[in-house]
Amino acid sequence: MKRIKAPTAALLVCCAAMSSQALAVSWADRISIGGFASTNYSLTDSEIPFNGEENIGHDNKGSWSGTRMGLNVNAQINKRFRFASQIFASKAEDFDLHVDWAFGDLSLTDDLSLRAGKIKFPVGLVNEYTEVGYAMPWIKAPAVIYTELGAPNGPQMTRESYTGASLLGNLSAGDWILGADLYGGEISLEGSNVRKLGGLSLTADWDDVVLFKATAYQGTMHGAAIPAMEGAKHKALLYGVKADWNDIIFYAERGDITMGDLATMKATSWYTTVGYQMGKLLPHLTYQSYEQGKGSTQEDQQNTITLGLRWDFMPSVAFKAELSQINTDKGVGLFPQGSTPPGTVNMIGFGLDTVF
Amino acid sequence: MKKIKLTMIAACAALLISSLFISTALAEIAIIANPASGASEIDTKTAKKLFLGKTKSVPGMDSVTLVSQIEASSTTAEFTQKITKKTLSQYKSYWSRMIFSGKAMPPKELANDAEVKAYVAGHTDAVGYVDASAVDSSVKVLLRTP
């Protein structure tokens, strides 16, 4: 992923602002600036770092690696064209500021739009806002599907964003809103990339109470460190449901990924979360399951049970606390390759999320 | 003496009823647009879709600029409960998902009913919400919800 320096990012923000200023009569009405920030602390009872290398993963020395922040600029250039961008920095990436996404959005009709640029990868229920802690019940999105920044192994189903174009459409049918996002482009990774990426995301939203989402995508690996991955078809299918009904919240999602014929890279992940909103408190329980390389020489089987609490103790600020138990039945799961993690590792985490 | 007591009780009851009436009236929310916008009345479901960014259109209007109020405004709490069926933090969380994924432009935020009313009165594409008691002839009511 290409990094940019802070002045470049600031210039990008200013350009967005100035272009809108030049084209719109009342620029103050056409521009919106917002941001989000999260700070996390986690501690485990194992010296082997979980879900990240030394100084990034969670271990018994404690980690603040989930600390992150972003700044967002939306500019409505005219009635049909919008430019939006977001810059992002996190401790897991040593606070290297980079463009999370930046794209132009052309409304073809009220229900159909075309986007081009660097666009958030629309896979899974929460990947498009996975860095925004305030938008989710958890401290971090379930790691069995949503690969954390700086995590070298794991399912690798989700990526921050892709560079390309997408066609988005919506259709209202009574209380239902059906959506489709057809997209294509490429994804830049550290030292490699996914080319000829094409995918489709379908959503069905019932009155903002229940959301069903399914995503399928395929791309070709280039420049991969493992020679067998070179030119391999990188395919994934994710589907899930999210509900918020009468103070009950529910998430269930599954993802399957393959990398050509490599048995060791074939993975299946799923999780489910149930929570109950009690005023400003949201206690919740999550079970995550991760299996990779089933039947191969490098088989991983791991599950994580998490008891969590979100407390919206003041406007736009949420405090979170979580207790997790990570059970590794086979292989290393989300611990580093080559390590020998204990069968059970306990983890405690705290987080503070805000949006502004 | 008895007459005075009865009068006092009646006065207190009238005061109580009127205060109840006033508090109810204050809690009414009005969705407003510019009288020259050509906007037609809408139902609660359309208003919900509109303020959750799920639709961009209002019958009779060419384009829509949504106008919201800051979180500290008491009208916002009433609005999120009555129109979007969400608590304030759920509403904020919803919009943070929309904004930070790049899906939608957030509504323009103003400080209070007076600012929203003045903005809507001056912009033919604006649609906002105010406490119904703030409505006057400078704006058109598209929906009034008790």
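Chain naming here is simple, since letters A, B, ... match the order of the sequence lines and numbering starts at 1 in each.
Contact of B:I99 with chain A is made through backbone and side chain together, with heavy-atom distances under 4.5 Å. If you measure heavy-atom distances from B:A104 to chain A, the contacts under 4.5 Å come from the backbone alone.
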Give me a line-by-line list of donor-acceptor atom pairs from chain A to chain B that are under 3.5 Å apart, or tell me none exist.
residue	atom	partner	partner atom	Å
A:D29	OD1	B:K108	NZ	2.9
A:D29	OD2	B:Y119	OH	3.1
A:N72	ND2	B:I99	O	3.2
A:R82	NH1	B:G102	O	3.4
A:R82	NH2	B:G102	O	2.9
A:Q86	NE2	B:F100	O	3.3
A:W101	NE1	B:F100	O	3.2
A:S107	OG	B:K56	NZ	3.4
A:E128	OE1	B:K103	NZ	3.4
A:Y134	O	B:S93	OG	3.4
A:A135	O	B:R97	NH1	3.3
A:G174	O	B:K49	NZ	3.4
A:D175	OD1	B:K45	NZ	2.9
A:D175	OD2	B:K45	NZ	3.2
A:D205	OD2	B:K54	NZ	2.2
A:D207	O	B:K48	NZ	3.1
A:D207	OD1	B:K48	NZ	3.3
A:D208	OD1	B:K54	NZ	3.4
A:D208	OD2	B:K86	NZ	2.4
A:S316	OG	B:E71	OE1	2.7

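Take B:P35 and apply the side chain to side chain contact (heavy atoms under 4.5 Å, CB included) test, not counting sequence neighbours, and it matches no residue.
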